[in-house]
Amino acid sequence: MHPAPSVILFTTLSGLGFGLLFFLGLGMPDVTGMVSFVFFAIAYALAVGGLLASTFHLGHPERAIKAFSQWKTSWLSREGCCAVAALVVMGLYAIGTVFLDTQWTIFGIIGAVLSLATVFTTSMIYAQLKTIPRWNMPLTPAMFISFSLAGGALLAGQETMATALLIIAGLVQLGYWSYGDKAFAGSGTTMETATGLGDRGAVRAFEPPHTGSNYLLREFVHVVGRKHSQKLRMIGFGLGFALPVLLLLLPIEGLALKHTVAAIAVLSHMAGISCSRWLFFAEAEHVVGLYYGKR
Amino acid sequence: MTELPNSTERKMGLVIDLDTCVGCHACVISCKGWNTENYGAPLSDQDPYGADPSGTFLNRVHSFEVQPKPCGSEPAPAAQLIHFPKSCLHCEDAPCVTVCPTGASYKRVEDGIVLVNEDNCIGCGLCAWSCPYGARELDLAAGVMKKCTLCVDRIYNDNLPEEDRIPSCVRTCPAGARHFGDLGDPNSDVSKLVAERDGMDLMPEMGTKPVNKYLPPRPKDQMEDQIDILAPLLAPVAEEPGGFMGWLDKALDKLPGQTSGGSN
C-alpha cells in the first residue's frame with residue numbers, strides 16, 4: 001500500500017492524542033487549572049491535528065460532513081462519529097477541570113471510553129479489509145490500541161503505567177510483524193485463485209493491461225523501500241519502545257532533568273511510532289497486485 | 001444507507017469467455033469512449049502525450065501465460081496465452097458498498113448494479129481498498145471514484161436502437177467473448193452458458209459472491225495420429241541430408257568442438 005504521509009501523520013498523532021485523552025478522562029494526572037489546560041491543549045492539538053491531516057488525502061474534503069451518515073455499516077463513518085463524540089464529551093470535562101476546578105467524573109469516564117473507541121474504529125478501517133491480509137487480523141486493533149495507551153500514558157506522565165504499557169505495546173508490535181509476514185501466504189489467495197486458472201497449470205503475468213502506471217499500481221503496489229523494512233523495524237522498535245522504556249527506568253533526580261528526559265522519551269516514541277506506521281502501510285500487500293504478477 | 005440489499009430482483013452482469021477473448025482491447029476503448037461522455041465525471045487522463053501517461057479506465061485486459069504440468073510420461077504441453085478482461089463484477093456481497101462512509105456507493109435493488117453517486121463521494125478511496133479485483137479507480141481530475149456502471153445509461157435507454165441497449169464493451173467485442181444478461185434467472189441465455197461451460201468466480205475465497213462469471217478456456221485439442229488424411233503424402237522429403245549437404249554435415253561433425261542442436 002502507498003504510505004500516504006497524511007494518513008501516517010493522522011493515525012500516529014490522533015492515536016497519541018486520544019490515548020492522552022483517555023488518561024485525562026480517568027483523572028490521570030489529577031490536575032486542574034492551568035496545568036490541566038496545558039494537558040488538554042496538547043491532547044486536542046494531537047487528536048484534532050491528526051483528524052485534519054486525514055482530510056488532506058480526500059478527493060473532496062469539503063464534503064467530509066457526509067461521512068458521518070453511514071455508521072451502520074462503515075467503520076470510517078463510525079470513526080468520524082466516535083471522534084466527534086469523544087472530543088465533545090472530553091471538551092465538557094476539560095471545561096470543568098480547567099475553569100471551574102471541578103471534575104465531572106461521569107463525563108471523564110464516558111470521554112475516556114469514547115476516546116479508546118475512536119482508536120478502535122480507526123484500527124478496524126484497516127483490520128476489516130480482507131484484500132490486505134497483513135491488516136486483516138485481530139493483532140491490528142490490538143496494535144493500534146496498545147500503542148495509543150502506551151503513548152497516552154507516556155504523555156500523561158504516568159511513569160509506572162507507561163513502562164508496563166510500552167513493554168506490552170512492544171510485544172504486540174513484534175507479534176504483529178511475526179504473524180503479518182505469514183498473513184498473505186495464509187490467506188490462500190494466489191494468482192491461481194485470482195484468475196481461476198490454477199487447475200490448468202502455473203499462472204504467470206504475461207502482459208499487463210497498460211504500459212504506464214495507474215491508480216491501482218500507485219495506490220496498492222508499493223514496493224519502493226520494502227527492501228529496508230528489516231532495518232526500519234529495528235529503528236522503529238528501538239525508538240518507539242526500547243529507548244522510552246530505558247529512559248523511564250533511569251533513576252533521575254530533579255524536576256527539570258526529569259521533564260527533559262520525559263520529553264526525549266516522548267519524541268523518541270513518536271518517531272518510532274511514525275516509523276512503525278510507515279511500515280504498516282509500505283509492507284501491506286493488496287491482493288489486486290496478483291493480477292499484475294506483483295505484490 | 002450503504003447497507004446491501006438482502007436480495008435483488010435481478011442480477012444483471014457479464015459473462016466473459018476466456019476461450020474466445022483475443023485480447024484486442026476493443027472493449028477497453030469502447031468503455032472509455034462511452035463512459036467518458038456519459039454517466040458522471042469524464043474518465044480523465046494525466047500526462048496523456050507526455051513521458052508518463054496514465055488514466056482512469058473501468059475495464060482492463062490482462063494477459064496471462066498458463067503452463068500446464070507434464071502429464072505422466074508425456075512432456076509438458078505448450079504454454080497457453082489467456083487474455084483476461086477485468087471490470088467490476090457487481091458482487092452480491094460487495095465490500096466496496098458497506099465500507100463507504102457517505103452512502104455514495106450503493107447496490108441497486110432492481111438489477112443489482114453497483115453504482116457510485118458522485119455527488120456524495122468524498123474521494124477517500126476506501127472502496128477501492130476493499131475491492132479485491134481492482135475494479136475501482138479514483139479519477140485524479142474529478143477526485144471521485146469511478147467504476148463500471150454496466151452501462152446503466154445504455155441498457156434502459158429508449159433513445160438507442162434495441163441492439164445497442166447492452167453494455168458498450170459487449171456491443172463492441174468483435175470475438176463475441178462478452179455476454180450480458182440476468183444471472184439471477186436460471187433460464188436466461190447467460191445462466192445457461194455459465195451452466196454449460198462451468199462458469200467460475202474470481203477469488204471465491206474473498207466471499208464477495210461476484211455476479212459476473214468467467215468461462216474457462218476449453219481444453220486444447222489432442223491431435224491423434226493420422227488425423228489428417230493428407231499427412232502420409234506430406235511426410236518430410238529429406239530427413240537426413242544427402243549429397244553435398246550430407247558430406248558437409250559429416251565433415252563438420254568430425255571437426256573438434258561442440259555440436260549443438262539435434263542429431264543431424
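Per chain, numbering begins at 1; letters A, B, ... match sequence-line order.
Of the residues considered (Gly125(B), Pro216(B), Ala135(B), Cys131(B)), Cys131(B) shows the highest number of contacts with chain A, using heavy-atom pairs under 4.5 Å. Among the candidates Leu81(B), Asp52(B), Asn120(B), the residue making the largest number of heavy-atom pairs closer than 4.5 Å to chain A is Asn120(B). When each of Cys121(B), Gly55(B), Pro85(B) is checked for heavy-atom pairs under 4.5 Å with chain A, Cys121(B) comes out on top. For the set Glu219(A), Met191(A), Arg78(A), Glu79(A), the entry with the most heavy-atom pairs within less than 4.5 Å of chain B is Glu219(A). Taking Ile65(A), Leu290(A), Val287(A) one by one and counting their heavy-atom pairs under 4.5 Å with chain B, the maximum is reached by Val287(A). For the options Ile82(B), Thr208(B), Val61(B), heavy-atom pairs under 4.5 Å to chain A are most numerous at Val61(B). The greatest number of non-hydrogen atom pairs below 4.5 Å with chain B, out of Gly188(A), Ser77(A), Gly212(A), Ala202(A), is found for Ala202(A). Note on Pro53(B), Ala104(B), Cys100(B), Pro204(B): by heavy-atom pairs under 4.5 Å with chain A, the leading option is Cys100(B). Listed options Ala64(A), Gly293(A), Pro208(A), Ala205(A) were ranked by heavy-atom pairs under 4.5 angstrom with chain B; first place goes to Ala205(A). Note: Arg60(B) leads Arg136(B), Arg60(B), Gln46(B), His25(B) in heavy-atom pairs under 4.5 Å with chain A.
For the residue pair Gln70(A) and Thr102(B), no side-chain donor N or O sits within less than 3.5 Å of a side-chain acceptor on the partner.
With a 4.5 Å cut-off on side-chain heavy atoms, Thr56(B) and Tyr215(A) do not count as touching. For the pair Lys72(A) and Glu3(B), the minimum side-chain heavy-atom distance is below 4.5 Å.
Looking at Leu216(A), the atoms closer than 4.5 Å to chain B (heavy atoms on both sides) all sit in the side chain, from C-beta outward. Heavy atoms of Pro217(B) lying under 4.5 Å from chain A belong to its backbone as well as its side chain. Neither the backbone nor the side chain of Pro95(B) comes within contact range of chain A; no heavy atom of the residue lies under 4.5 Å from a heavy atom of that chain. Looking at Ala142(B), the atoms closer than 4.5 Å to chain A (heavy atoms on both sides) all sit in the backbone: N, CA, C or O. For chain A, the nearby parts of Cys124(B) are the backbone and the side chain; heavy atoms of each come within less than 4.5 Å. No part of Phe56(A) comes within reach of chain B, as not one of its non-hydrogen atoms sits under 4.5 angstrom from that chain. With a 4.5 angstrom heavy-atom cutoff, Phe64(B) touches chain A via backbone and side-chain atoms both. The part of His286(A) that comes within reach of chain B is its side chain, from C-beta onward, which places non-hydrogen atoms under 4.5 angstrom from that chain. The parts of Met206(B) that come within reach of chain A are both its backbone and its side chain, each placing non-hydrogen atoms under 4.5 angstrom from that chain. Interface remark: Glu62(A) contributes no atoms to any contact with chain B (heavy atom separation under 4.5 Å). For Ala194(A), the parts lying under 4.5 angstrom from a heavy atom of chain B are both the backbone and the side chain. Neither the backbone nor the side chain of His83(B) comes within contact range of chain A; no heavy atom of the residue lies under 4.5 Å from a heavy atom of that chain. When heavy atoms are compared at a cutoff of 4.5 Å, Gln80(B) approaches chain A solely by way of its side chain, counted from C-beta outward. When heavy atoms are compared at a cutoff of 4.5 Å, Glu192(A) does not approach chain B at all.
Nearest heavy atom pair, residue Ser54(B) against residue Arg218(A), reads OG-NH1, 3.3 Å. When all heavy atoms of Thr131(A) and Ser130(B) are compared, the pair lying nearest together is CG2-O, 3.2 Å. Heavy atoms only, all atoms of each residue included: Glu65(B) and Phe206(A) are closest at N-CB, 3.8 Å. Nearest heavy atoms, Thr195(A) versus Met200(B): O-CE, 3.5 Å. Between Leu76(A) and Pro101(B), the closest heavy-atom pair is CD2-CG, 3.5 Å.
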**OP:** Determine, step by step, whether Leu202(B) and Tyr291(A) satisfy the side-chain contact (heavy atoms from CB on, under 4.5 Å) criterion, reporting the C-alpha distance in whole Å, the side-chain angles of both residues, the deciding distance to 0.1 Å, and the verdict.
**Re:** CA-CA 11 Å; Leu202(B) 305 187; Tyr291(A) 287 107; 3.7 Å; yes
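Here the side chain of Ser74(A) pairs a donor or acceptor atom with the backbone of Val99(B) at under 3.5 angstrom. For Lys66(A) (side chain) and Asp119(B) (main-chain N/O), a donor-acceptor pair under 3.5 Å exists by modelled atom type.
Rounding to the nearest 0.5 Å gives a distance of 8.0 Å between CG of Leu4(B) and OG1 of Thr73(A). Here Leu138(B) contributes atom CG and Asn214(A) contributes atom CG; the two are 12.0 Å apart, rounded to the nearest 0.5 Å. To the nearest 0.5 Å, the span separating CG on Leu197(A) from OH on Tyr214(B) amounts to 10.5 Å.
Aromatic ring orientation, Trp129(B) versus Phe281(A): perpendicular (interplanar angle above 60°, classes split at 30° and 60°).
No more than 12 heavy atoms of other residues, nucleotides or ligands sit less than 6.0 Å from atom OH of Tyr179(A).
The aromatic ring centroids of Tyr292(A) and His62(B) lie less than 6.0 Å from each other.
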